[in-house]
Amino acid sequence: MTAMPDFPPGFVWGVSTAAYQIEGATKDDGRGPSVWDVFAAREGTISDGHTGDVACDHYHRWPEDVSLMGGLGLTGYRFSISWSRILPSGSGAVNAAGVAFYDRLVDGLLERGIAPVPTLFHWDLPQGLEDGGGWMNRDTAHRFAEYTEIMADALGDRVKRWITLNEPFVHMAWGYALGSHAPGRVLLFDALPTAHHQLLGHGLATRALQSRGLEAMISNNCTPVSPESPGDEAAASAYDNLHNRLFLDPIHLGRYPDLSAYGDDGTLGGSVRDGDLEIISTRPDAQGINYYNPTLIRTPAEPGLPFEEARIEGVPRTAFDWPIVPDGLRELLVRFKQRYPGLPPVYITENGCSVADEVVDGAVHDPDRVAYLDAHLRAIHAAIEEGVDVRGYFTWTLLDNFEWAEGYHQRFGLIHVDHETQVRTPKTSYGWYRDLIADQLSRTSSGTS
Ligand code: GBH
């Protein structure tokens with residue numbers, strides 16, 4: 001492999017995690033139940049009946065995990081805050097012990113020169129709010145803004161950059177439309193109000209953060225969409241509108257895309273009110289992009305949905321069977337820069353792959369992960385050269401963890417976790433990323449920003 005080209009000075013080198021996937025300790029120190037606790041406890045929801053009850057026990061082992069991050073030489077760490085640790089039923093009295101956990105974590109990170117980048121919501125809504133309708137209820141957006149204010153006041157003296165929501169598309173589609181994620185509702189296109197209410201929550205939270213002098217962004221899972229053949233253009237653009245534009249146009253253009261293919265008149269099931277789009281389009285300080293793979297779309301054979309996913313042939317695939325197309329990330333970034341003239345700086349807030357690791361004499365080898373990360377970083381570099389302002393990279397993920405509906409079966413970590421003993425073993429990719437970061441920091445003047 002040729003040497004990795006230099007990234008711009010100040011480029012953030014990070015990893016990304018999420019609370020329910022690593023923390024465990026779901027009943028400790030006053031934490032209330034979230035939709036994921038309730039969903040995972042239900043029979044038949046998660047592969048082999050796994051749950052996040054223990055996960056990586058990060059709640060107790062965070063000092064070891066922070067040292068492992070220190071060993072990587074990271075300049076940023078994206079983690080998520082468990083809302084129901086802070087507000088056990090979603091609103092009301094603050095659970096000080098929950099706040100104290102993140103307070104210690106932030107101090108531990110800062111001691112090692114790692115900038116903490118918290119995500120306020122990574123799918124684990126307090127069950128108390130779900131009982132009131134969850135994101136189908138407009139009120140949840142206001143509860144989210146209150147919770148944001150609490151965290152901003154608790155950590156804002158040390159934490160400058162915040163992420164409001166993680167992947168509202170996946171949460172709407174899998175959580176509320178299809179039911180394969182918590183809260184497991186099957187509302188199909190009646191789930192559209194959850195898009196609007198999440199975006200409203202994002203807008204209100206953005207204002208709360210910015211009014212305190214803090215920076216706000218959202219992490220969207222984005223995919224470049226292509227038609228399988230020229231006749232599939234209409235189907236491809238219908239899919240692009242649902243997956244990408246539904247969650248980016250209102251923020252960066254102040255309006256929703258055309259959803260008529262889904263029978264919607266532009267009111268998202270009647271949820272949009274006067275003034276909402278003004279709140280949602282409050283200019284964020286950055287845009288987070290989670291990228292895994294592109295999407296190929298064709299016109300469906302049967303009536304029903306306006307699109308059908310086609311298999312991308314002729315490319316390698318991850319252990320999860322996701323296609324590996326690094327150039328899709330460059331293409332996406334360049335497209336978004338054209339599509340959104342006012343696009344703020346971009347952070348890649350997730351990118352990585354599941355690999356079936358090979359364990360040899362206690363060492364864990366994952367050359368496929370090294371190749372994946374290397375190729376995607378080069379694609380980001382190419383986008384930067386084409387003028388896209390990318391400021392940082394947070395790989396998914398630090399530890400093998402609870403991979404949602406797949407339980408512990410898919411391993412995305414730079415560090416192997418034995419889910420019986422909790423022993424952490426850095427993989428080959430850990431050493432590769434450590435060396436890459438050290439090399440980049442020595443050759444550019446980048447560092448914590
Ligand atoms: C993220 O979601 C989550 O934020 C994170 O919590 C999770 O652990 C991580 O990714 C890994 O899954 O059908 O072959 O086209 C990612 C959302 C949705 C990305 C499904 C890839 C389809 C692959 N993903 N998607 S394919």
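Quick caveat, the model's predicted, so the values are computed rather than measured. The figures that follow rest on heavy atoms only: side chains count, while hydrogens, waters and symmetry mates do not. Each ligand, and each atom within it, is numbered from 1 in the order the structure gives.
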Would the number of heavy atoms belonging to other residues, nucleotides or ligands and lying under 6.0 Å from CD of Glu358 be above 12?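 Not buried by this count: 12 neighbours or fewer within 6.0 Å.
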Using a 4.5 Å cut-off on heavy atoms from C-beta on, say whether the side chain of Leu74 contacts that of Ile437.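 In short, these two side chains touch, coming nearer than 4.5 Å.
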For Tyr102, side chain to side chain donor-acceptor pair (under 3.5 Å) partners two or more places apart: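 Side chain to side chain donor-acceptor pair (under 3.5 Å) check on Tyr102 returns Glu23.
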For ligand 1, what N or O to protein N or O distances fall under 3.5 Å?
unit_1: ligand 1; atom_1: 2 (O); unit_2: Glu167; atom_2: OE1; d: 2.8
unit_1: ligand 1; atom_1: 2 (O); unit_2: Glu167; atom_2: OE2; d: 3.3
unit_1: ligand 1; atom_1: 4 (O); unit_2: His122; atom_2: NE2; d: 3.3
unit_1: ligand 1; atom_1: 4 (O); unit_2: Asn166; atom_2: ND2; d: 3.0
unit_1: ligand 1; atom_1: 4 (O); unit_2: Glu167; atom_2: OE1; d: 3.4
unit_1: ligand 1; atom_1: 4 (O); unit_2: Glu167; atom_2: OE2; d: 3.4
unit_1: ligand 1; atom_1: 4 (O); unit_2: Glu350; atom_2: OE1; d: 3.1
unit_1: ligand 1; atom_1: 4 (O); unit_2: Glu350; atom_2: OE2; d: 2.8
unit_1: ligand 1; atom_1: 6 (O); unit_2: Gln21; atom_2: OE1; d: 2.8
unit_1: ligand 1; atom_1: 6 (O); unit_2: His122; atom_2: NE2; d: 2.9
unit_1: ligand 1; atom_1: 6 (O); unit_2: Trp404; atom_2: NE1; d: 2.8
unit_1: ligand 1; atom_1: 8 (O); unit_2: Gln21; atom_2: NE2; d: 2.9
unit_1: ligand 1; atom_1: 8 (O); unit_2: Trp396; atom_2: NE1; d: 3.3
unit_1: ligand 1; atom_1: 8 (O); unit_2: Glu403; atom_2: OE1; d: 2.6
unit_1: ligand 1; atom_1: 10 (O); unit_2: Tyr292; atom_2: OH; d: 3.1
unit_1: ligand 1; atom_1: 10 (O); unit_2: Glu350; atom_2: OE1; d: 3.3
unit_1: ligand 1; atom_1: 12 (O); unit_2: Glu403; atom_2: OE2; d: 2.6
unit_1: ligand 1; atom_1: 15 (O); unit_2: Asn293; atom_2: ND2; d: 3.0

Quick one: list whatever passes side-chain contact (heavy atoms from CB on, under 4.5 Å) with Glu331, sequence neighbours left out.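 With sequence neighbours excluded, Glu331 shows a side-chain contact (heavy atoms from CB on, under 4.5 Å) to Pro224, Ser226, Arg335, given in chain and number order.
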If the threshold is 4.0 Å, N to carboxylate O, is there a salt bridge linking Arg311 and Asp321?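 Yes, Arg311 and Asp321 are salt-bridged.
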Name every donor-acceptor pair, under 3.5 Å, that has one atom in a side chain of residues 25-40 and the other anywhere in the protein, sequence neighbours excluded.
unit_1: Asp28; atom_1: OD2; unit_2: His60; atom_2: NE2; d: 3.0
unit_1: Asp29; atom_1: OD2; unit_2: Tyr59; atom_2: OH; d: 2.6
unit_1: Arg31; atom_1: NH1; unit_2: Thr26; atom_2: O; d: 2.9
unit_1: Arg31; atom_1: NH1; unit_2: Asp37; atom_2: OD2; d: 2.9
unit_1: Arg31; atom_1: NH2; unit_2: Asp37; atom_2: OD2; d: 3.2
unit_1: Ser34; atom_1: OG; unit_2: Trp36; atom_2: N; d: 3.1
unit_1: Ser34; atom_1: OG; unit_2: Asp37; atom_2: OD2; d: 3.3
unit_1: Asp37; atom_1: OD2; unit_2: Ser34; atom_2: N; d: 2.7

